[in-house]
Structure formats: structure tokens, C-alpha cells
Peer 1: 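Below are the C-alpha cells for one structure; questions will follow.
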There are 2 protein chains.
Amino acid sequence: MGPDREPEKMEPVSADQVTALRRFNRYFTRRIGALDDHYLGQDRPLGEARLLFEIGGAGASLRELRSRLGLDAGYLSRMVRALESQGLVRVSVHPGDSRLRVAGLTAAGQAEVKEQNRLADGLTEGLLSGLDAPRRAELTAALGTAHRLLRLAAITVETVDGASPDARACLDAYAADIDERFPEGFDPGTLVRPHEVSGDAGAFLVAYEEDRPVGCGALRRLAPRVGEIRHVWVHPAARRLGLGRRILDGLEQRATEREFTVVRLDTHATLTEARAMYRACGYTEIPRYDDNVYAAYWFEKRLPGAGAQEPPAR
Amino acid sequence: MGPDREPEKMEPVSADQVTALRRFNRYFTRRIGALDDHYLGQDRPLGEARLLFEIGGAGASLRELRSRLGLDAGYLSRMVRALESQGLVRVSVHPGDSRLRVAGLTAAGQAEVKEQNRLADGLTEGLLSGLDAPRRAELTAALGTAHRLLRLAAITVETVDGASPDARACLDAYAADIDERFPEGFDPGTLVRPHEVSGDAGAFLVAYEEDRPVGCGALRRLAPRVGEIRHVWVHPAARRLGLGRRILDGLEQRATEREFTVVRLDTHATLTEARAMYRACGYTEIPRYDDNVYAAYWFEKRLPGAGAQEPPAR
DNA sequence: TCTTTCCTTTGACTTTAGTCAAAGGAAAGA
DNA sequence: TCTTTCCTTTGACTAAAGTCAAAGGAAAGA
């Protein structure tokens, strides 16, 4: 993917933490995960059961299924055909791109998936019924936290070319997102241009979760030694993980690499969570520094390691 | 195992909790568990790699391996032979019972397991390095909680015959345990007799984790409508899960079924954690009611649902 | 328009994983 | 001592999972 992976944070990982995660992994995979799998494929090979489940209510293209399940193209093709001949799956040509096929469940397929879910739910319920209500709540909370943090840990933030398809896709999504959120709409013409975020002038970061872009952020030079952070965006499905902060950290790192001593940013009146995040990350409010029609608040942050140099006058 | 499984607690399990656990399961098994497996068997079939890992430094009998990994006897036999012919495993006859074989790792086998561990540790470390230190600590804590509660949920508490091998094994372990802990030692002659804990007179509970007994507790009749709880014990490997409390709950349930209106128990001066647990579970301290030479504290609890009846005089 | 790249299908395999039953030596119970 | 029960090995299979390469139609880029 992007050539330039986010530099690792240099705090060492304690061996105890590694051990704890590995112990949990062993226990969980063996005791809980295996159980679920075992019941998933009642009288059907596990591969087929998983495929059926993955196709799900909405259907999916073979290409997507292949990447989600990590299967060989030939193997998948045959399994889909097998399910089709059992009347559980229907395959059709993708409307937009006739190289692709999309698989969807028939009524019989849906019934089987529903039954799978019923069984797995029952199993899970049986497990949970071994705990009283307060402990169940404690378990649910702990699993929620673990899920959130594991996802966050697995996301990588990479420097990409501002003109790359992933960067454009993120910016488009960003633009559509805020166009809906700003009462006055949003003009995509005001987005950063690729040349503004390349080389010494700036950077463009994309966050990837399982090879899918789920967030972005741009850094460009406003003036010598002054950077501006723009378009920090997180995909709705990846919000509340703390990813915005990670992207922001990454951008500040890039700014430091470019010897910027200060970074600025502006934000819209409606984005109150963003404002809170900037404050929490050490940004302080400053007077208007640009003529961005969407902005209502302006912030800046002095970068550490930039020495005792004065920031340029505003 | 035991015929009479602990009645389910009747609080309903919320659908959200079931969904949360299933979602976590899916995510974790696919993303983390699968990764680990994939690296475990670098250029070796997963089954063999798992077997090698399971034999581990201490070695294990084939019988044990079969039950731990849930393998067919023939299949296991062949896999062990394959590893033996690769020089990774050495098989010998069990010294005590020549029907059994024990498998142990050769130097080469140990080196390979060590390498497996190194790889898996590195992978885990890589994952954790995506988080900053406070979040890593949060994740570790959440996984610890989840692990503890999942184990507790998977433990079943069953009524068994007081003379059964599992019951005897627990009582022996209990006796050895407190013999070591009491400064004056412990005379196993004072343990309950099987007839005291059967039928209407009482009950004997054994807690099972993955079919292994990991705790016990006894209930016997002291006087009409008065029960006594004795020998509540938890295996060292299953402590700090909250299992003692569950056994206690189970015993109180059995007491209620037998229409006891009150249960009593005594405890040794050295068992301070036990005393705290009894207090937290609603027991109140009472004067000496027996001549148990090991007892220093006496407690009782009125059972709910037993109506307005007076407890018998002390 | 002409490559080149994508996506899927098909054929031809190989490896892993797993099952079942028969058989034989060893220990435990009657 | 004589079953009966255990534990392991062996033979004979089957099913599932996975791999690799060739090929053909469709879209995208030059």
C-alpha cells in the first residue's frame, strides 16, 4: 500500500502485555471461537458455512468475498457454484462492471443463515447465562473496550500521494460528509490540491483498516515553518476508536520532520467534537488566520523539538 | 459428568450482550486468532505445529494430548510418528503404566517451539505497538477481565455423590491444602462422610472447568431446618475468578431446596479472605455453635424464601 | 486502437484433516 | 485366573481445503 508507514511509537512493549494477549488469544480461540465454528457448520463444510454467512443479507461480489475470506479464486468459484446448485445462492453479473459477479442469498440461503445465527446466539446465551447480571455487564464492557483497542491497534496510518485513488476516495467521502453536515453545504473546490501535500510542502495521510481506507488527514505549508492541518476525517464505521487523534499525531510528526515550528487549523462551527479533540491534543484557540468561509474557530499548536524559535508573526 | 447440573440463574440474557460477544468473537477469531495460527505453522501443517506446542517442554502422554487437542487416536498416533521421524519428538513408555506412551521434545523440537514462540511474540508485539502506553495498559486490563469472566462463565457447578472419585479428589486436595496452611495441621478424619451429604440430608457440589474438577463444597444437616456449609474449596489455578461465591450460591440453593431456613459455617483464623467473602455474601458472625477445633469464627445466613419461620434456637 | 490489467472459470493436482474398525499388549477388577 | 477395560497402532478410506496455471471476456490506460 502506501510506501511510507507511520514510524512506530518508540515506547517499548512490556513482555507481560505480550504474554497476556497471547494467553487470552489461546484461551479464546480454543474455547469460544472453536465452539462457534463447530456449530456454524452443522452439516455443511465449515468453508461453505462461512461463505454463506459472509455473503449475508446484502450479497457481495466474488472479489470482495475473496479478499474478506482470503480464499483462492478457483476455490471460491467452485464453492459458490456448489452453493448455487444447492439452491442457496444466486449469482449475477455486477451491474456496473461486468467482469465482476455478485452472489446473493436465495430465500433458502437466508433461512439457513438465520438458523446458523439462531444456533450461535443460543450457544452464546448459554455461555453468558453462567454469569450473574453485574458480571455479564462487566464482561460486555471489557469486550467492548478490547474490541475497540484491538481495532485501533490494527489500523495503520500511512503517507500516500495526494493524487492516489485512496486519497481521492477519502477526500470525496470527507466532502460528501461535511456537505451534509454544514448548513451551507460544502464546495469541493476548496479541498487541498495534490501538489500542496507532497514533498517538503506537506503530506497526506491515509489510515487503513484491513487494507481499506478509513480516514485521512492533510498537512500543507502555510508560510515558512508554519504548517496547516486540514481534512482530518474518519470513516463513520471507524469512529470512536481514537483514530482522529492518531491521524493528528501522525500529521504533527510529519510537520516536525519538515521543521515546521507550529501547526494551525480551522474548524467549522458545527464540529464540536473536533474542537474538543483539538483542545485535548494541546491546541489553543487563536484569532482568524485565513479567509476560509467555513471556519468559525482557529487553533494552533507549537511543536515540541522545534527548539526555542519564535513562531512567525500572525 | 454429574447428573444434576446447577439450575440456571433465571435473569434473562440481553440480546445486546449476545451480539457484543458474537461480534467480538468474529472479529477476534478472524483478525487475531487466525494470524497467530498462520504464523504458528510456518512451514508445517497447523495440526503438527499445535501438537508440538502442546507437548511443550514438560512432555505429555498421548492420552492427555488426545483429550487436550480433541484428536482421534489413530490420527494422533500417526502425527506423533511423523514428528518422531523428523527428529522433533521422542516417544517412550510411561514409567507407571506401560499402556501409555509419553511424548517429549528433542533438542530440535524445543528449538522449533522456541522459534514459534518468538514469532508469535513478535507478531503480538507488533500489534501492541500500534497503541500508546496508556491504551496498551487499558487493553491488557480489559483482556484480563474478559479472560477471567469467560473462564468463570464456562465453569459448571454440579451436584455429585460425595463418594465419587471427583468428590474424593477435591476433598483430598482441600485437606492437603489446609493441612499446609493451618499451623496445627489438619486431620482428614474430620471431613464430611458421604452419607452426610446425600439425599435430604445434604449435598456435595463439584465445579468443573473443561471436565476437570476445580472446586467443591458440601452441605449437611446440622439440625432440623438448619444446614451447615463445609469444605468450600477452589483449586489454586481457578482462584480469583469468583468461583467460591458461585459454589456458595449453589450450596444455598440446595439448602433452600431442602427447606433449610438457615445455614451456618465456621472458619479458621488463618482464612481471612474466606471470612471476607462470607461477610460479602450476607453471612453474619454468630457465637460458637460447634466444637470444631479448627474453627475460630462462626457465621450464619437466613435463607430467603424460607418464609417467616423462626430459626431454631442455637 | 491497442495493450495491459482485472476478474472469474476450469482442469488437474496435492495436502491436511479426519473417520472407522480391527487388533494386540497391558492393567484392573471379579 | 479370567474377563473386561484401556491405550495405542495399523490399514483403509473419505472429505475438505488449498494450490497453480492456463484461458477468456471485460474494463482501463496509453
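Labels below follow one simple rule: chain letters A, B, ... track the order of the sequence lines, proteins then strands, and each chain is numbered from 1. All figures in this text were calculated on a predicted structure; none of them were measured in a lab.
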Peer 1: Specify the separation, in whole Å, of atom CG of B:L71 and atom P of C:dT19.
Peer 2: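 My rounded result for the distance is 9 Å.
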Peer 1: Please report the distance, rounded to the nearest Å, between OH in B:Y75 and C1' in D:dC13.
Peer 2: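 Atom-to-atom, B:Y75 to D:dC13, this comes out as 15 Å.
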Peer 1: What's B:D97 touching, base or sugar-phosphate or nothing? Going by heavy atoms closer than 4.0 Å.
Peer 2: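 Sugar-phosphate only.
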Peer 1: What is the distance from CG of A:D72 to P of C:dC7, rounded to the nearest Å?
Peer 2: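 Between P of C:dC7 and CG of A:D72: 15 Å.
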Peer 1: Between C:dA26, C:dC7, D:dC7, which nucleotide has the shortest distance from any of its atoms to the side chain of A:R66?
Peer 2: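 The closest nucleotide is C:dC7.
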Peer 1: Do any side-chain nitrogens or oxygens of A:S61 fall under 4.0 Å of OP1 or OP2 in C:dC7?
Peer 2: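 The answer is no; no side-chain N or O of A:S61 sits under 4.0 Å from OP1 or OP2.
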Peer 1: Rounding to an integer number of Å, can you tell me how far B:M79 CE sits from D:dT9 P?
Peer 2: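 Computing the B:M79:CE to D:dT9:P distance gives 13 Å.
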Peer 1: Return the 5'-most residue of the pair B:R78, B:R63 with respect to DNA chain D, ranking by each residue's nearest nucleotide.
Peer 2: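 The residue closer to the strand's 5' end, by nearest nucleotide, is B:R63.
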Peer 1: Any strand counts, and the cut-off is 3.5 Å on both contacts for Watson-Crick or G-U wobble. Which nucleotide pairs with D:dA30?
Peer 2: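 Partner of D:dA30: C:dT1.
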Peer 1: Using purine N1 to pyrimidine N3 plus N6-O4 or O6-N4 for Watson-Crick, or N1-O2 and O6-N3 for G-U wobble, each under 3.5 Å, what pairs with C:dA12?
Peer 2: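 D:dT19 is the nucleotide pairing with C:dA12.
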Peer 1: Between atom CD in B:E64 and atom C1' in D:dC6, what is the gap in whole Å?
Peer 2: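 So the two atoms are 16 Å apart, to the nearest Å.
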Peer 1: Please report the distance, rounded to the nearest Å, between CG in A:L62 and C1' in C:dT10.
Peer 2: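 It is 15 Å, rounded to the nearest whole Å.
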Peer 1: Please pick, from C:dC7, C:dA26, C:dT16, the nucleotide with the shortest atom-to-atom distance to any side-chain atom of B:S98.
Peer 2: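 So the nucleotide nearest the side chain must be C:dA26.
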Peer 1: Would you mind reporting whether A:R151 and A:E209 have side-chain heavy atoms less than 4.5 Å apart?
Peer 2: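 Yes, their side chains come closer than 4.5 Å.
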Peer 1: Where does the angle between the aromatic ring planes of A:H231 and A:Y174 fall among parallel (under 30°), tilted (30 to 60°) and perpendicular (over 60°)?
Peer 2: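 If you compare the ring of A:H231 with that of A:Y174, the planes turn out tilted.
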Peer 1: Measure CZ/A:R50 against C1'/D:dG18 and give the value in whole Å, please.
Peer 2: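 Distance check: A:R50 CZ to D:dG18 C1' gives 13 Å.
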Peer 1: Considering only heavy atoms from C-beta outward, does the side chain of B:V214 approach that of B:V234 to under 4.5 Å?
Peer 2: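 Result no, sub-4.5 Å side-chain heavy-atom pair not found.
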Peer 1: Less than 4.0 angstrom between a side-chain N/O of A:S77 and OP1 or OP2 of C:dT10, yes or no?
Peer 2: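 Indeed not, no polar side-chain atom of A:S77 lies that close.
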Peer 1: Find the partner of D:dG24: check Watson-Crick (N1-N3 plus N6-O4 or O6-N4) and G-U wobble (N1-O2, O6-N3) distances, both under 3.5 Å, and reply none if neither fits.
Peer 2: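 Base partner found: C:dC7.
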Peer 1: What nucleotide, of D:dT8, C:dC20, D:dG18, holds the atom closest to the side chain of B:L100?
Peer 2: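 Of all the options, the side chain of B:L100 is nearest to D:dT8.
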Peer 1: Provide, to the nearest angstrom, the distance between the CG atom belonging to A:L46 and the C1' atom belonging to C:dG18.
Peer 2: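 After rounding, the reported distance stands at 14 Å.
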Peer 1: What I'd like to find out is whether the side chain of A:W233 reaches to under 4.5 Å of the side chain of A:I178, using heavy atoms alone.
Peer 2: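 Sidechains of A:I178 and A:W233: no contact.
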Peer 1: Tell me what A:R81 touches on the nucleic acid: a base, only sugar-phosphate, or nothing, going by heavy atoms under 4.0 Å.
Peer 2: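 The answer is sugar-phosphate, as A:R81 gets under 4.0 Å only of primed atoms, P, OP1 or OP2.
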Peer 1: Relative to the 5' end of DNA chain D, which residue comes earlier, A:G74 or A:R99, by the nucleotide with the nearest heavy atom?
Peer 2: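 Its nearest nucleotide lies further toward 5', so the answer is A:G74.
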Peer 1: Please walk me through it: do A:Y27 and A:N25 pass side-chain contact (heavy atoms from CB on, under 4.5 Å)?
Peer 2: CA-CA 5 Å; A:Y27 180 79; A:N25 186 4; over 6 Å; no
